[in-house]
Amino acid sequence: MERYYQPEIETASREQITAWQSERLVRQVRHVWNDVPYYRRKMEEHGVSPDDIRGVGDLYKLPFLSKADLREAYPYGLLGAPLDECVRIHSTSGTTGKRVVAFYTQSDIDLWNECCARALTAAGATKEDVCQIAYGYGLFTGGAGLDGGSHKVGCLTLPMSSGNTERQIMFMRDMNATILCCTPSYAEYLGESMKELGLTPEDIPLKAGIFGAEAWSEEMRRDIEQTLGIKAYDIYGLTELSGPGVAFECSAQQGMHINEDHFIAEIIDPETGEPLPDGQQGELVFTSITKRAFPLLRYRTRDVCVLTHEKCSCGRTHVRMAKPRGRTDDMLIIRGVNVFPSQIETVLLNLGYSANYQILVDRVNHTDTLEVRVEMTPEMFTDNMGEITGRQKKIVEGLRSMLGLAAKVTLVAPKSIVRSEGKAVRVIDNRKI
Amino acid sequence: MSVKQISVFLENRPGALLGMTRVLAERGVDMRAFSLAESSDFGIARIIVNDVEKTAAILTEAGFVHNVTPVIAVSITNRPGGLNNALTALSEAGVNVEYMYAFVGGNRDNAYMIFRVADDEKAAAALRGAGIQLAEQEELANL
C-alpha cells in the first residue's frame, strides 16, 4: 500500500497540475518583474514582459538563467524578498567556482520541508520511524532539508551530521534508526565500516535509506542495499532551487517524481536551447514557481537527463526524471570521446570492485591520457601477481568496450582515494588547454 | 604440512613498503623471511613471521589489504645442490612452482626454501620422497 505525505497533491490530475503551474508561473513572473531588477533587465533584453506569460505554454518565451547569472548577481542580485523577511541562507560547496548563496523565507523553508517529507514518506517513513540524518548540517542543504522533512513526517530525528563513523554506527544501533539519509558514498563507507566491525545487515535496524547530493549508479544502489540490508531511494535537488526534495524516488524506483506544484521541469537541447519532448535526453531546466526569496526562472542545471510523463505504478502523477546521466559540465571529452564518470563506475562495479575510483585526465605530447585509479579490496587480492594483473587487464578491456578508449588502470591502497563524507573527488583533470 | 605466509598489497610508490615495515616494527613483529614481487604500479610483499594471527590483525587495523597464503617450507643443508634436489623432486612429480624464495635459518648450516605451489599435498609427498625435510610453522616461529 503506497503512502503519500500529501495525497491530494501527489496524485492530482494532469489538468490540476497544469492549472497550478500556470497560475503560479504567472504570479512568479510578475513577482520577479516587480521585485528583482536583475530579472526585469534580463527580460527586457530578451524582449518579453509579464503580459506575454499567460500560462505554462508560454514558459519557452522566458530567457534562461545560468550559473553565470547567479555568480554575477552574487550575493543579493536575485533576492526576491526583503532581507528582513528572509530567515535562512544556504550555499553550494563552490566546487565549480564561486559559491552560490540562496535565501529562504519561512514559507520557502516550510514548502521545502514538505517536499522532503514527501520523499521520506515515499521511502516508507512514518511517525513510528527513527530517522538518522548523516548529511552535513550547515550551509549545505542536505542536513537541513531532510531534518525538516523528518520533523514534518514526525519521525524521531537523529541530527548526526556527517562524519564520526563510529558514533554513527553506535547511535544507529542504540537508537534503532530505521531510516538513513546521507550521500551514497557515505552510505557505502558506513557499510564497509560495519563489515569491518563484523556487523551483518541483521545487526542493523535500518530498513530504508535516502541518498543523494552526488551521482550514483544502479550498481552502487544494489551494493548499498545488500551491505546495509535496506531499500535505497534516490533524491534530487539543488541548493539553487531549495535543496534535496526537488524530486524523489517512490517504491517503483523507476525515476524520481518532480514536485511539479513547486517546480516546472523542461528538457532542452544544450546546444540550441530548444525544448525537447518526453523521452529525449537533454539538459534539465527548472523554474521555481513558489519560492519567494530566491526565485529562479528557467534555470539550467547542467544535468543531462530524460523526463517521462508515463503513468507510475505508485499512483503519483507528477512527472519523473531519470537519474541524471552526467552533467553537461562534468562530461569529459577525452580524445574526442564523451566520457561520463558514471560509465567508468558501471564498469568497475560490474567487475566486483567498489565504487571508489578516481579518474585522472592529462595531456601528454598533445594526446589526452586517461588513468583510472581503483582501490584494491580484500576480495580482489591474492598473492599471485599474474592473477591480479589479469584482473587489471579485465578492467582495461571493460573500459575499452564501454568508452571506446584505452585507459591506464592503477591499483591503489584501500581508502587512499579521498573519500568524502560530503562529496567525492572523482575527476582530476590536469590538462592545460 | 604447509606453513602460513602473509601476502600484503602495496602501492609501488616511495614510502609504501616503509609504511608496512614501520607498523610491524612498532608492534614487535619479527620477520623470518621477506620477498617482494612488483609490477609497474603495485607490489606484493610476502612475509613469514613469528606470529601470523597477530601480524594479520595489525595489518587489518592499519588498513593494509592482505591474506594468509599456504606455502611449503623445506629445510635444506646449506651447501651446493640443496635447491637443485628440491626442484628436481618437484619437477619429477609434475608440480609447478608459482614462486619461491630462500632464507638462511637460525644457524648457518641450513637454509629454508619457501615454495608456492598449486597442490600442497602432492608437493609435500614428492619432497618427502626425496628425503627432504619439511619445516612446520612452529619451527619457523622459533627460529
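If you're wondering where the values come from, they're calculated on a predicted model, not measured in any experiment. Labels below follow one simple rule: chain letters A, B, ... track the order of the sequence lines, proteins then strands, and each chain is numbered from 1.
Residues forming a side chain to side chain donor-acceptor pair (under 3.5 Å) with A/D223 (at least two apart in sequence, or on another chain): none.
Salt-bridge annotation for A/K394 and A/E397: absent, with no side-chain N of the basic residue lying under 4.0 Å from a carboxylate O of the acidic one.
Ring geometry, A/F211 versus A/W216: the interplanar angle exceeds 60°, so the pair is classed perpendicular (tilted spans 30 to 60°).
Heavy-atom contacts from other residues, nucleotides or ligands closer than 6.0 Å to CZ of A/R335 number more than 12.
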Can you pull every donor-acceptor pair closer than 3.5 Å across chain A and chain B?
residue : atom : partner : partner atom : Å
A/D383  : O    : B/R46   : NH2          : 2.8
A/D383  : OD1  : B/R116  : NH2          : 3.1
A/D383  : OD2  : B/Y99   : OH           : 2.4
A/D383  : OD2  : B/R116  : NE           : 2.7
A/N384  : ND2  : B/E98   : OE1          : 3.2
A/Q392  : NE2  : B/D41   : OD1          : 3.3
A/Q392  : NE2  : B/D41   : OD2          : 3.0
A/L411  : N    : B/D41   : OD2          : 3.0
A/A413  : N    : B/E11   : OE2          : 2.6

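Distance check: A/T367 OG1 to A/R431 CZ gives 11.5 Å after rounding to the nearest 0.5 Å. With values rounded to the nearest 0.5 angstrom, A/T227 atom OG1 is found 13.0 Å from A/R222 atom CZ.
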